[in-house]
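The chains referred to below are lettered A, B, ... by the order of the sequence lines, with proteins before strands, and numbering in each begins at 1.
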2 protein chains.
Amino acid sequence: MNKDYSRAIPRAWQDMAAVFVALGDEHRQRIMLSFEPGERLNVGQIAEVSTLARSTVSHHLKILREAGVLESEKIGKEVYFWVNKSLLREVFSNVADYLEKNA
Amino acid sequence: MNKDYSRAIPRAWQDMAAVFVALGDEHRQRIMLSFEPGERLNVGQIAEVSTLARSTVSHHLKILREAGVLESEKIGKEVYFWVNKSLLREVFSNVADYLEKNA
DNA sequence: TTGATATATCGAAATATTTCGACATGTAAG
DNA sequence: CTTACATGTCGAAATATTTCGATATATCAA
C-alpha cells in the first residue's frame with residue numbers, strides 16, 4: 001500500500017481532475033455532445049438549445065474551457081467554442097497508461 | 001450542430017458520468033492512488049492513511065464502488081476493496097473511440 | 001455618438017456535496 | 001450470551017456548486 005497520503009498527486013492525475021469534474025456534469029455533457037465533428041459553436045447557439053439561462057450556460061462553458069476540454073476564440077461580438085480533441089486524447093491515453101503500469 | 005438537447009445521453013457517456021464524478025474529487029483520487037498494483041485494502045487501512053474521519057472515508061468508498069471503479073468483498077468483519085481495472089479500461093477506451101468517431 | 005447585440009461577471013438564493021460524531025448492524029472471540 | 005471490533009448509516013452543520021436576473025463590457029452598425 002502506498003501510505004503517503006499527503007504526497008503530490010501525479011501530474012497525469014492532476015491534469016485529469018479538472019477534466020473529470022468538467023465531464024461529470026450532465027449539462028456539461030450535453031454541451032459537449034451538441035458539437036458535430038470539428039464544429040465550432042458560439043455561446044448563443046449553445047444557449048439556444050439548452051434548458052438553462054444564458055448566464056448559466058456561460059458558467060458551464062467557463063468550467064469546460066478552464067478544464068481544457070473546450071477551446072474558444074472571440075470573433076467580432078461572438079465567442080466560438082470547439083472541442084479540444086488533442087487534450088482529451090492525451091488525458092485519456094495518460095490514464096490508460098497509468099492504469100496499466102500502476103494499478 | 002446536434003440540437004436535440006433533451007435526447008438520451010449515449011450509453012458510453014452515461015456510464016462514464018459516475019466515473020468522472022468519482023475521480024474528480026481529490027480525496028477519492030488519493031484513495032485510488034493508495035492501491036499498489038493488484039492490491040486489496042480494507043476500510044481500516046484506507047482510513048488510517050487518510051486525513052478524513054472513518055465515516056467520511058466510508059462515504060467516498062461508496063461513491064467509488066457505485067461508480068464501478070472499485071470493487072469490494074466482505075471477508076469476516078472486514079470489507080476489502082480493489083481497483084476495477086477492466087471497467088476503467090473499458091470506460092477510457094469507450095471515450096477514446098467516441099472521440100475519434102464523433103468529435 | 002448612440003443604440004443594439006453578444007457575452008461575461010456579480011451577488012443572492014436554491015440545491016447538492018462533504019464532513020463529522022453518534023448510533024446501528026454484522027461478525028468473531030471469549 | 002456478552003463483548004469487542006469493523007464497517008455502514010443517519011442527521012446535522014459546514015462548504016461548494018448551480019442557477020438566475022441584473023448589470024457590466026466589448027463590438028459593431030446606424
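- Take the nearest nucleotide of DNA chain D for A:Ile75 and for B:Arg65: the residue whose nucleotide is more 5' is B:Arg65.
- Ion pairing between a basic and an acidic side chain is recognised when a charged N comes within 4.0 Å of a carboxylate O; A:Lys74 and A:Glu78 show no such pairing.
- Looking at which nucleotide of DNA chain D each of A:Lys77 and A:Thr56 is closest to, the 5′-most match is held by A:Thr56.
- A 4.0 Å heavy-atom criterion places the boundary nucleotides of DNA chain D facing chain A at D:dT18 to D:dC28, written 5' to 3'.
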key: Test side chain to side chain contact (heavy atoms under 4.5 Å, CB included) applied to A:Glu71 and A:Arg65, step by step   = CA-CA 6 Å; A:Glu71 295 187 282; A:Arg65 184 165 40 72; over 6 Å; no
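- Side-chain contacts under 4.5 Å among hydrophobic residues (ILVMFWY), followed directly or transitively, place B:Trp82 with no other residue at all.
- At a threshold of 4.0 angstrom between heavy atoms, the contacts of A:Leu61 with the nucleic acid are absent.
- Residues A:Ser55 and B:Ile63 each lie close to DNA chain C; by heavy-atom proximity, the contact nearer the 5' end of the strand is made by A:Ser55.
- The CZ-P distance, from A:Arg54 to C:dT9, rounds to 14 Å in whole Å.
- Taking the six-membered ring where tryptophan is involved, the planes of A:Phe20 and B:Phe20 are essentially parallel, since the angle between them stays under 30° and well short of 60°.
- Counting any heavy atom pair closer than 4.0 Å across all strands shown, B:His59 reaches a base atom.
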request  = Check step by step if side chain to side chain contact (heavy atoms under 4.5 Å, CB included) holds for B:Met16 and A:Leu23.
outcome  = CA-CA 9 Å; B:Met16 290 176 340; A:Leu23 298 183; over 6 Å; no
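- Rounded to an integer number of Å, the gap from B:His27 NE2 to C:dC20 C1' is 13 Å.
- Heavy-atom contacts from other residues, nucleotides or ligands closer than 6.0 Å to CZ of A:Arg89 number more than 12.
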